[in-house]
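Have a look at the structure below before the remarks.
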Amino acid sequence: VFAAGTGAGLRLGEVTGRNTKTFTISPQRVSMASGLRFRVDPIGSNRNYLSPRVFPDGAMTVVLNVGSELEQSYITVR
């Protein structure tokens, strides 16, 4: 899982199937001008998922749910 904001993508880490993992991103790494996107690159696949752009402030939680089919993935901000 990678976070893409300003500059180069930031590798957040790995999550195996049917598991939950929490990653923390410093608010300084998120630009309100360009927002934040997530990229998921499943191991052994030539497909990936790029989330829609979100614009969270420092107090918000962004949740990325990756479906068993990448097309079922979605992002929410709360």
Side-chain angles (χ1 to χ4, degrees):
V1 178
F2 297 85
T6 58
L10 172 66
R11 184 177 188 277
L12 299 175
E14 294 182 7
V15 182
T16 58
R18 293 189 171 181
N19 284 301
T20 300
K21 186 108 181 216
T22 300
F23 301 106
T24 302
I25 302 172
S26 169
Q28 289 79 19
R29 296 202 56 115
V30 180
S31 165
M32 289 309 290
S34 61
L36 177 66
R37 298 176 91 172
F38 293 95
R39 190 179 81 237
V40 177
D41 290 323
I43 295 172
S45 175
N46 61 355
R47 299 173 41 213
N48 63 37
Y49 170 76
L50 184 62
S51 76
R53 194 174 308 275
V54 294
F55 297 88
D57 67 26
M60 294 180 168
T61 299
V62 178
V63 178
L64 172 65
N65 291 285
V66 179
S68 57
E69 295 293 326
L70 290 177
E71 296 82 15
Q72 298 172 338
S73 301
Y74 61 94
I75 191 168
T76 57
V77 180
R78 49 183 168 175

| said: Just verifying a value: how many Å separate Leu64 CG and Tyr49 OH, rounded to the nearest 0.5 Å? | reply: 6.0 Å
| field | Between OG1 on residue Thr76 and CG on residue Asn65, distance to nearest 0.5 Å | value | 6.0 Å
| Where is the tightest heavy-atom contact between Arg47 and Pro42, given as atom of each residue plus distance? | O-CD, 3.3 Å
| note | To the nearest 0.5 Å, atom NZ of Lys21 lies from atom OG1 of Thr16 at 8.5 Å
| Is any side-chain heavy atom of Leu50 closer than 4.5 Å to a side-chain heavy atom of Arg37? | yes
| message | Do Val63 and Ile75 make a side-chain contact, defined as non-hydrogen atoms from C-beta onward lying under 4.5 Å apart? | response | no
| message | Within the structure provided, determine whether Val77 and Thr61 are in side-chain contact (heavy-atom separation under 4.5 Å). | response | no
| Quick one: OG on Ser73 to CG on Asn48, what's the gap to the nearest 0.5 Å? | 10.5 Å
| request: Could you go through the side-chain contact (heavy atoms from CB on, under 4.5 Å) check for Val1 and Arg39 one step at a time? | output: CA-CA 6 Å; Val1 178; Arg39 190 179 81 237; over 6 Å; no
| message | Tell me whether Leu36 shares a hydrophobic cluster with Tyr74, the cluster being built from Ile, Leu, Val, Met, Phe, Trp, Tyr side chains joined at under 4.5 Å. | response | no
| message | So Ile25 and Phe38, do their side chains get closer than 4.5 Å, heavy atoms only? | response | yes
| message | As an exercise, state the distance from CZ of Phe2 to CG of Asp41, rounded to the nearest 0.5 Å. | response | 5.5 Å
| task | With rounding to the nearest 0.5 Å, note down the distance linking CD1 in Ile43 to CD in Glu14. | result | 4.5 Å
